[in-house]
Number of protein chains: 4
Amino acid sequence: MSLAAGYPLIAIPGPSPLPERVLRAAHRISPDIYGTELAATNEHVMAQLKRLAGTTGHLAPYIGNGHAAWEASAANMFHRGDHVLVITSGHFGRSWAQQVNEMGVMVETLDFGALPPEPEALARRLAADRDQIIKAVMVCQTDTASACMADIPALRDAMGDHPALLVVDAIASLGCAPMMMDDWGVDVLISASQKGLMSPAGASFVWFSDRAALRGRTDLTTPYWDWHLRANATPDALWRFWGGTPPVQMIFALDEALRMILDEEGLIAVWARHAALARAVWAAGEAWGQDESGIRLSVADPASRAASVTAMRLPEAEALRAWTATHCGVTLGIGLGAEDPANALRVAHMGHCSAGMLMGVLGAMQAGMVALGIPHGAGALDAAARAIAEPA
Amino acid sequence: MSLAAGYPLIAIPGPSPLPERVLRAAHRISPDIYGTELAATNEHVMAQLKRLAGTTGHLAPYIGNGHAAWEASAANMFHRGDHVLVITSGHFGRSWAQQVNEMGVMVETLDFGALPPEPEALARRLAADRDQIIKAVMVCQTDTASACMADIPALRDAMGDHPALLVVDAIASLGCAPMMMDDWGVDVLISASQKGLMSPAGASFVWFSDRAALRGRTDLTTPYWDWHLRANATPDALWRFWGGTPPVQMIFALDEALRMILDEEGLIAVWARHAALARAVWAAGEAWGQDESGIRLSVADPASRAASVTAMRLPEAEALRAWTATHCGVTLGIGLGAEDPANALRVAHMGHCSAGMLMGVLGAMQAGMVALGIPHGAGALDAAARAIAEPA
Amino acid sequence: MSLAAGYPLIAIPGPSPLPERVLRAAHRISPDIYGTELAATNEHVMAQLKRLAGTTGHLAPYIGNGHAAWEASAANMFHRGDHVLVITSGHFGRSWAQQVNEMGVMVETLDFGALPPEPEALARRLAADRDQIIKAVMVCQTDTASACMADIPALRDAMGDHPALLVVDAIASLGCAPMMMDDWGVDVLISASQKGLMSPAGASFVWFSDRAALRGRTDLTTPYWDWHLRANATPDALWRFWGGTPPVQMIFALDEALRMILDEEGLIAVWARHAALARAVWAAGEAWGQDESGIRLSVADPASRAASVTAMRLPEAEALRAWTATHCGVTLGIGLGAEDPANALRVAHMGHCSAGMLMGVLGAMQAGMVALGIPHGAGALDAAARAIAEPA
Amino acid sequence: MSLAAGYPLIAIPGPSPLPERVLRAAHRISPDIYGTELAATNEHVMAQLKRLAGTTGHLAPYIGNGHAAWEASAANMFHRGDHVLVITSGHFGRSWAQQVNEMGVMVETLDFGALPPEPEALARRLAADRDQIIKAVMVCQTDTASACMADIPALRDAMGDHPALLVVDAIASLGCAPMMMDDWGVDVLISASQKGLMSPAGASFVWFSDRAALRGRTDLTTPYWDWHLRANATPDALWRFWGGTPPVQMIFALDEALRMILDEEGLIAVWARHAALARAVWAAGEAWGQDESGIRLSVADPASRAASVTAMRLPEAEALRAWTATHCGVTLGIGLGAEDPANALRVAHMGHCSAGMLMGVLGAMQAGMVALGIPHGAGALDAAARAIAEPA
């Protein structure tokens with residue numbers, strides 16, 4: 001017997017649960033792509049995406065996933081042979097570094113394992129860069145794999161007056177945790193549709209500052225990736241925004257999702273919700289971790305934990321994931337990039353996620369631990385409920 | 001701040017959560033209603049509905065809700081002035097009795113308040129009916145309001161060889177709890193689309209035995225309600241099944257929902273799932289009820305509790321319902337027909353409901369009790385998780 | 001080879017093509033049926049339905065089809081043995097008469113075959129009713145089978161000061177042709193969701209005047225059909241509008257469809273569109289009918305032709321219907337109630353129907369006549385295009 | 001007044017009309033992207049895409065539009081400074097040439113204006129390439145702008161034993177006109193989701209032969225575009241197919257669309273349908289073009305006309321397009337790349353397009369010509385209907 005039949009609770013760190021309204025908005029045939037209605041919707045989406053990022057700067061949208069945006073941004077920022085510094089706190093930071101390196105860029109990593117970046121280390125490295133050969137400092141705000149949260153303003157401060165661009169990958173954090181691109185001095189921001197933006201996978205975005213724009217075209221820039229062409233597009237030529245045929249249904253989906261985030265719930269409230277949900281997961285994780293159970297949140301310092309996903313070491317995690325999926329209709333994230341993936345997992349609390357859904361995920365986890373005989377400290381669900389009850 | 005944004009967890013006892021697949025199946029334009037494809041689908045739905053009820057008897061489908069099916073069945077079974085016995089264990093049984101009475105039928109009730117029916121009482125009453133004037137014994141398998149479960153085979157036994165028809169309202173139980181219409185000797189069975197059948201509200205069904213069919217037309221029978229016309233319809237005249245234009249999208253929805261229940265999960269497994277979910281709610285309710293909290297499951301005897309919905313007395317329930325909806329995205333059922341509705345509520349676990357969803361509902365309830373300062377015994381969520389872990 | 005793959009063009013006279021937006025609106029799970037949002041939407045739908053009918057009177061909505069509304073209205077207007085006059089111009093009028101008769105009402109028909117009703121004949125019959133035993137004059141505004149359009153104001157005039165209720169079935173015309181219930185003195189109006197209302201089949205409606213309301217309850221009135229209970233419902237008890245569980249998704253569908261009709265396109269424009277589309281079909285039909293082809297519009301007088309559906313005699317119509325469905329993706333209506341159904345068909349231009357769609361239907365018909373060697377006059381498509389070009 | 005309300009008939013040459021079933025398939029939340037179900041569906045889609053192209057070779061899928069696939073393929077085939085020959089017959093061929101040139105490739109064009117390519121000219125040019133510096137011959141099977149159809153086998157023949165790769169852009173033709181990649185000796189084939197594939201815009205595809213694969217990585221190859229990584233992906237690492245997060249809903253859409261094309265209608269039948277629809281448009285266009293009306297099909301030779309889109313010179317085309325959209329719900333394609341765009345338009349008959357839809361489009365066009373006083377020859381709709389009637 002299984003108790004899994006029901007609305008699936010997908011707690012993987014992306015693609016995140018799609019709101020009914022977003023799916024509904026995308027459920028329509030394509031109108032005339034040369035008409036004014038679609039162009040106006042697209043224009044509105046672009047404006048909303050800038051609000052979401054906290055910028056009045058430039059925006060280049062791409063049909064693609066996060067890896068596309070990685071390549072697109074690098075193709076605009078760098079020449080072959082340029083030297084960049086990638087701060088890594090997990091699997092995705094390291095993948096990013098590798099991808100950029102394979103494009104012909106000299107990549108140096110400042111690696112923190114699965115721990116959050118230390119601004120002091122960055123300051124030291126840049127101080128040593130007397131000739132200012134480092135063209136960019138690149139960092140994931142949240143590395144989805146390790147579930148770290150980097151302190152972007154502190155890293156910006158640590159850069160002092162070094163001229164490198166600050167490039168932030170906010171794929172796993174935008175729309176979940178605060179991002180104020182202009183205020184924080186972020187030069188280039190990268191994100192995608194399928195996590196905090198509550199939309200189908202298939203669109204990604206690069207926001208960039210005037211300072212970044214000054215780089216002009218490089219020897220890596222291609223017509224398709226060229227961010228100037230996209231950022232300078234105007235509604236009378238909709239296709240220029242997207243470098244060709246626009247992703248019609250995606251535009252409708254983004255329009256609805258951004259309305260929910262920005263105009264209905266409100267960005268401040270959305271951030272606060274994610275913070276509260278995260279605290280509930282942490283409370284559960286810490287309780288389960290009592291009594292030498294071997295369960296442990298991957299990031300020790302709450303200030304460095306992601307708002308959108310929590311990673312934990314959990315003995316027999318792989319078996320637990322299978323059990324909750326099969327018996328409860330709850331899908332947990334794999335322990336991506338963990339030392340011991342079979343004993344690690346991730347719980348996403350990202351995008352369209354309520355306290356009810358989250359308590360369901362945690363409840364299913366505990367049921368699974370009981371069923372599988374995985375030792376766990378007591379009181380986790382009560383602790384999570386208390387965290388939900390006192391969200392501020 | 002609210003933590004409600006997410007997929008809504010609707011735990012009201014109907015309309016129950018609609019599976020994505022069912023909504024998708026209904027999302028299509030109407031084909032030719034004189035074509036063979038729709039007729040074949042309808043034919044299949046009729047066969048599936050008989051499987052669901054455990055009968056090889058007759059089936060009359062109606063566009064309508066449960067109240068429509070009450071009237072439809074009465075209009076076929078009774079003459080004005082007939083005498084019937086309605087066993088009542090809650091609000092819906094009493095409403096049914098009243099509706100039939102207003103149609104001109106002499107209704108006697110065997111009222112058990114909010115408690116399950118006692119077969120012995122029925123046996124005594126029928127024994128006293130020397131002239132066998134009682135034409136039917138009518139009972140809700142589950143009265144949605146009180147969340148009682150009647151023991152249908154025991155009631156049938158109690159009827160002995162009295163010739164009254166046994167009429168069972170399974171609106172709140174079909175597809176959740178066992179029903180074997182033919183084996184149990186049920187003469188007329190009534191249900192609707194929006195609960196265990198996981199479909200939109202708007203269709204209801206009356207199954208009837210050969211013995212019931214022998215009643216022929218009565219002075220209450222009208223062309224629209226006439227069950228013979230519908231039960232004897234054949235695919236070459238689709239409209240006859242539905243007494244006029246068929247509910248096209250509903251047919252598609254039912255087809256998909258019944259496939260999920262009967263062909264994929266399997267009816268035995270579906271019943272077992274509901275039983276297990278119910279036990280988890282009871283475990284939570286009993287734990288909350290410790291320490292003189294004033295929380296109490298409405299039905300004391302587990303054997304008489306419904307598989308699909310649980311009612312409980314809970315101080316400040318009305319405030320709690322508002323809190324879980326506003327803060328967690330969890331909607332609980334009102335305390336319908338309870339003595340003190342403001343301090344009563346119902347938790348549905350009906351149809352498309354997984355252990356994950358249910359744990360989310362219970363978790364939100366406990367968070368609300370904490371937030372609102374409602375006293376509650378400890379360990380409820382742990383108890384529910386244990387029940388989920390050990391479903392058999 | 002077939003050229004049928006594409007969006008199906010369904011030109012049957014109901015259920016009519018569902019707009020994408022209406023299907024989308026209905027594609028959502030059921031919210032709390034005790035919440036205020038659904039109640040407010042329902043309230044708005046009720047107000048819109050009154051606007052659509054042109055009345056400030058009463059409205060009783062039913063989950064059901066047109067046959068349900070026939071029975072519902074009769075159960076409120078008549079006592080057993082009452083005498084009524086049904087004006088019939090086709091299959092549906094006769095079915096209505098039969099249904100009401102089977103409920104125990106004495107039905108007299110004023111039968112015009114498949115021709116439109118003559119007001120003078122009605123005047124004569126009522127003049128002969130010295131004792132005013134006729135309780136109601138019942139007429140279909142458009143009999144869907146014969147595609148006649150009755151002149152309701154003229155019939156009302158013909159009634160003079162006879163006290164009978166004027167009861168109009170506008171199932172096939174409401175939302176397509178003008179209806180001003182109050183101005184025209186209609187006492188009871190009947191319609192359904194699946195034709196001009198562009199919604200799924202499954203809801204029907206009875207509007208009634210104060211004069212009709214004065215009939216009170218009759219010996220045919222049952223709790224489920226009682227129109228007073230429904231018409232007097234208030235948003236704090238949503239279920240009373242629908243005599244039980246409300247049809248949630250249907251309410252969402254109706255809300256969207258009525259917004260399209262009343263708030264966006266506008267009722268006057270909707271009527272004008274249907275009139276123009278009808279003229280285009282007539283132009284084609286008349287051209288095909290030249291040269292002794294044997295093709296003939298069923299209703300000779302344009303003033304008596306329906307705005308929403310056109311019936312025609314067409315040799316080998318049955319083969320033509322099969323051909324257009326199989327080869328072109330165009331489904332035509334059967335010749336329901338025609339003398340010679342195999343040589344008759346109907347073309348609907350009802351609800352969500354554009355000039356483009358209609359020209360496609362006509363074009364497919366002509367292609368089929370060519371393919372099957374059915375003789376037909378020349379110039380039909382050109383004539384239809386001219387009619388479209390000069391809509392006023 | 002407008003007659004536009006109805007299901008929109010979108011006759012622009014992409015994005016083409018989305019089948020209800022495809023939209024429905026895409027209307028679901030994202031499952032676990034590390035699960036086996038999605039991986040299996042993706043695997044099936046890849047196999048179906050190879051069937052569609054007529055190849056057993058390699059396939060690299062991209063989230064992106066046609067321009068993305070242009071860049072992706074070039075980045076794998078060419079080194080900076082390589083010399084290629086682009087055969088151009090319209091706007092898109094020239095855009096392609098320009099894009100590849102901007103990537104650093106030396107592009108020579110063999111330009112035929114808006115006329116189909118002449119194999120002899122290609123043969124002559126290649127014969128002159130004694131040093132075989134031309135690395136590739138690139139050609140659009142159908143240039144969407146001019147609506148030409150290139151004769152791919154003839155061009156292949158003309159290449160003789162020249163070692164250049166034959167690269168075919170079938171964005172506007174795949175799934176509409178025959179393509180047998182392996183049999184015809186095409187080395188690299190490019191297409192996208194939103195035309196003949198009947199899916200939302202947002203995915204594009206590059207099929208390549210073993211010979212093309214031998215090029216290895218070039219100095220233009222980047223990790224994201226690298227076709228080897230994608231073509232060699234296996235289901236246990238779904239993300240590798242898509243160079244990162246897979247486009248979940250797109251995969252579901254493609255799966256359904258390809259099932260309709262390959263498994264239900266059948267590829268041969270799909271090609272035949274497009275050919276028949278095209279002939280109907282040509283018949284209408286030729287009839288309108290009589291009597292010195294100034295209307296003229298852009299491509300004179302039927303053998304060189306596209307199966308999926310027809311371009312025509314039509315005086316006041318811009319006004320006509322506005323009229324059909326506003327008055328009939330029919331959207332025609334703009335005269336992209338035409339000498340005189342205001343007097344040119346395109347009619348698409350691409351993908352999910354039936355004879356009924358097409359006759360509707362043509363009927364609306366003629367109505368508009370009448371309404372606007374645009375001179376046109378007689379008998380066009382009759383001619384189109386005859387073409388539909390005799391498809392073989």
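Within every chain, numbering begins at 1; the chains are lettered A, B, ... in the order of the sequence lines, protein sequences first and strands thereafter.
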For this session: Give, as side chain, backbone, both or neither, the part of B:L18 having an atom under 4.5 angstrom from any heavy atom of chain A.
Result: neither
Exercise. Could you state the interatomic distance from CG (B:L9) to CG (A:L9), rounded to the nearest 0.5 Å?
Worked result: 7.0 Å
Problem set entry | Inter-residue atom distance A:Y7.OH - B:E20.CD, 0.5 Å rounding | 5.0 Å
Seminar exercise, completed: Whatever's closer than 4.5 Å to a heavy atom in chain B on A:A5 counts as both
For this session: Specify the closest pair of heavy atoms between A:I388 and B:A367, including all atoms of both residues, with the distance to one decimal.
Result: CG2-CB, 3.6 Å
Exercise. Could you state the interatomic distance from CZ (B:R386) to CD (A:Q366), rounded to the nearest 0.5 Å?
Worked result: 8.5 Å
For this session: Give, as side chain, backbone, both or neither, the part of A:H27 having an atom under 4.5 angstrom from any heavy atom of chain B.
Result: side chain
Exercise. From B:M357 CE over to A:M357 CE, what is the distance, rounded to the nearest 0.5 angstrom?
Worked result: 10.0 Å
Seminar exercise, completed: Checked A:S2, A:A364, A:G360, A:G379 vs chain B; the most non-hydrogen pairs under 4.5 Å come from A:G360
Problem set entry | Result of checking A:V361, A:L381, A:V330 against B:M359 for side chain to side chain contact (heavy atoms under 4.5 Å, CB included) | A:L381
Exercise. In Å and rounded to the nearest 0.5 Å, what is the CG to NE2 distance from A:L3 to B:H349?
Worked result: 12.5 Å
Problem set entry | A:R21, CZ atom: more than 12 neighbouring heavy atoms under 6.0 Å | yes
For this session: Answer yes or no: are there more than 12 heavy-atom neighbours, outside B:E318 itself, under 6.0 Å from its atom CD?
Result: no
Exercise. Has A:R28 got more than 12 heavy atoms of other residues, nucleotides or ligands less than 6.0 Å from its CZ?
Worked result: yes
Problem set entry | Straight-line distance of A:I268 CD1 to B:M1 CE, nearest 0.5 Å | 12.5 Å
Exercise. Between B:C328, B:G363, B:A371, which shows the greatest number of heavy-atom pairs under 4.5 Å with chain A?
Worked result: B:C328
Exercise. Closest heavy-atom contact between A:V370 and B:A389?
Worked result: CG1-CB, 3.5 Å
Problem set entry | Residue part contacting chain B, namely of A:T324, when any heavy atom lies under 4.5 Å | neither
